[in-house]
Colleague: 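Got a structure for you, questions after.
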Amino acid sequence: MEALFHFGTTLISLVRDVLPIAAILIGFQVLVLRRPIPNPAGVFVGLLFVLAGLALFLEGLELALFPLGRLMAQQLTSPSFVLGEGAVIIDSFNWADYYWVYIFAAAIGFATTVAEPALIAVSIKANQVSGGTITVNGLRFAVAIGVAAGVALGAFRIVTGTPLHWFIISGYIIVLIQTAFAPRAIIPLAYDSGGVTTSTVTVPLVVALGLGLAETIPGRNVLLDGFGLIAFASLFPMISVMAYAQISEWLTRRARRKLASQEHSP
């Protein structure tokens with residue numbers, strides 16, 4: 001009964017959140033465009049599905065993803081796991097003692113990004129408009145590698161307590177340099193890739209991981225150190241996608257030069 005009551009409360013709050021969006025869409029359709037709503041019954045049923053889906057998703061976050069992310073962070077940073085059996089407290093540590101945290105952060109960043117519905121949709125559209133030049137899996141894996149590297153580096157930042165802005169400023173300097181040399185057609189897609197990664201699957205686990213690390217590593221502040229992983233997950237895909245395009249372009253030019261040299265050779 002308590003779970004049903006909590007679900008009902010979540011559903012009611014979602015109704016309040018979604019109603020203004022529906023009012024704007026329907027209002028513009030009827031009052032500004034002066035067109036009837038096509039298939040109003042289908043639209044109404046669709047809105048009900050949206051509400052039910054969002055409510056179930058939020059309940060799933062609270063019941064599974066957030067607790068699981070924090071639990072993994074707590075277990076990977078427990079004294080007995082980091083320092084060995086019998087350790088009760090961590091008085092001092094080296095950043096290398098938490099190597100399993102970095103491995104887990106990279107793995108969870110890669111896996112959640114590959115499964116991200118928004119990224120799959122963008123990859124399919126990019127493949128269609130590029131005429132197959134940009135492959136669906138190529139873009140997905142390029143973005144996933146960037147997120148994996150970013151989340152692992154973000155976990156390293158939490159462990160060491162390094163200021164967040166050092167990494168973010170350095171990362172955007174790299175992005176600006178890459179922008180000057182990357183193929184022009186890939187730059188808008190690379191910039192969008194940083195946004196589509198921070199969506200329904202990736203964000204809950206990454207945030208939970210960051211908060212769990214900040215809570216369990218000695219000397220860390222949950223507010224100052226626990227957040228910021230999403231910034232890494234948004235920044236590094238831009239770097240990896242542009243790098244993917246630059247490497248692909250370099251390999252293409254190399255193959256063309258090799259073919260041209262073979263054609264001119266006696």
Side-chain angles (χ1 to χ4, degrees), residues 1-69 108-109 111-144 146-147 185-208 227 229-231 233-234 237-238 241:
M1 291 300 296
E2 183 179 351
L4 288 175
F5 178 78
H6 190 271
F7 179 78
T9 304
T10 303
L11 188 60
I12 292 172
S13 65
L14 279 173
V15 171
R16 291 199 302 265
D17 294 336
V18 173
L19 276 180
I21 302 173
I24 291 172
L25 294 175
I26 296 172
F28 265 80
Q29 178 73 16
V30 175
L31 301 177
V32 178
L33 298 175
R34 298 184 183 278
R35 295 288 188 274
I37 299 173
N39 190 15
V43 171
F44 178 74
V45 173
L47 285 174
L48 293 180
F49 285 163
V50 168
L51 290 172
L54 285 174
L56 290 170
F57 174 70
L58 292 175
E59 287 296 300
L61 292 184
E62 292 293 332
L63 295 175
L65 291 187
F66 275 127
L68 186 60
I108 201 67
T112 54
T113 303
V114 169
E116 191 65 66
L119 177 60
I120 294 173
V122 170
S123 299
I124 293 172
K125 287 298 180 183
N127 177 260
Q128 292 172 351
V129 300
S130 67
T133 304
I134 300 172
T135 63
V136 175
N137 287 334
L139 181 60
R140 289 173 65 195
F141 290 144
V143 174
V147 175
I186 203 67
I187 292 173
L189 180 60
Y191 278 48
D192 281 347
S193 298
V196 297
T197 56
T198 54
S199 189
T200 53
V201 179
T202 307
V203 169
L205 278 172
V206 171
V207 169
F227 294 96
L229 277 182
I230 300 302
S234 300
M238 293 188 281
V241 170

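Because the structure is a prediction, the values reported are computed rather than measured. Along the sequence shown, the residues carry numbers beginning at 1.
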Colleague: Heavy atoms only: give me the nearest Ile186-Val241 pair and the separation to one decimal.
Modeller: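 Closest approach of Ile186 to Val241: CG1-CG1, 4.0 Å.
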Colleague: If you look at every heavy atom in Thr113 and Gly109, which pair is closest and at what distance?
Modeller: OG1-O, 2.6 Å
Colleague: Locate the shortest heavy-atom distance separating Glu116 from Val196; write the atom from each residue and the value.
Modeller: CG-O, 3.6 Å
Colleague: How many angstroms lie between CG in Leu229 and CZ in Phe227, if you round to the nearest 0.5 Å?
Modeller: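 Between Leu229 CG and Phe227 CZ, I get 10.5 Å after rounding to 0.5 Å.
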Colleague: Val43 and Ile37: side-chain contact (heavy atoms from CB on, under 4.5 Å), yes or no, with the steps?
Modeller: CA-CA 8 Å; Val43 171; Ile37 299 173; 4.0 Å; yes
Colleague: Report, one line per pair, each donor and acceptor closer than 3.5 Å where one atom sits in a side chain of residues 16-36; sequence neighbours left out.
Modeller:
from  : atom 1 : to    : atom 2 : distance (Å)
Gln29 : NE2    : Pro36 : O      : 3.2
Arg35 : NH1    : Leu33 : O      : 3.2

Colleague: Roughly how far apart are Leu56 CG and Leu51 CG, rounded to 0.5 Å?
Modeller: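 Those atoms lie 11.0 Å apart.
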Colleague: Return the CG to CZ distance between Leu119 and Phe141, rounded to the nearest 0.5 Å.
Modeller: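 Those atoms lie 10.5 Å apart.
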Colleague: Using every non-hydrogen atom in the two residues, find where Leu139 and Ser193 come nearest and quote the distance to one decimal.
Modeller: CD1-OG, 4.2 Å
Colleague: What I'd like to find out is whether the side chain of Leu14 reaches to under 4.5 Å of the side chain of Leu58, using heavy atoms alone.
Modeller: yes
Colleague: How close do Val147 and Pro237 get, counting heavy atoms only, and between which atoms?
Modeller: CG2-CG, 3.5 Å
Colleague: Is any side-chain heavy atom of Thr10 closer than 4.5 Å to one of Leu54?
Modeller: no
Colleague: Which pair of non-hydrogen atoms, one from Asn127 and one from Ile134, has the smallest distance, and what is that distance?
Modeller: ND2-O, 2.8 Å
Colleague: Kindly compute the distance separating CD1 (Ile120) from NZ (Lys125), expressed to the nearest 0.5 Å.
Modeller: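 Rounded to the nearest 0.5 Å, the CD1-NZ separation comes out at 14.5 Å.
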Colleague: For Ser234, check side chain to side chain donor-acceptor pair (under 3.5 Å) against everything at least two apart and list the hits.
Modeller: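 For Ser234, no residue satisfies side chain to side chain donor-acceptor pair (under 3.5 Å) once neighbours in sequence are set aside.
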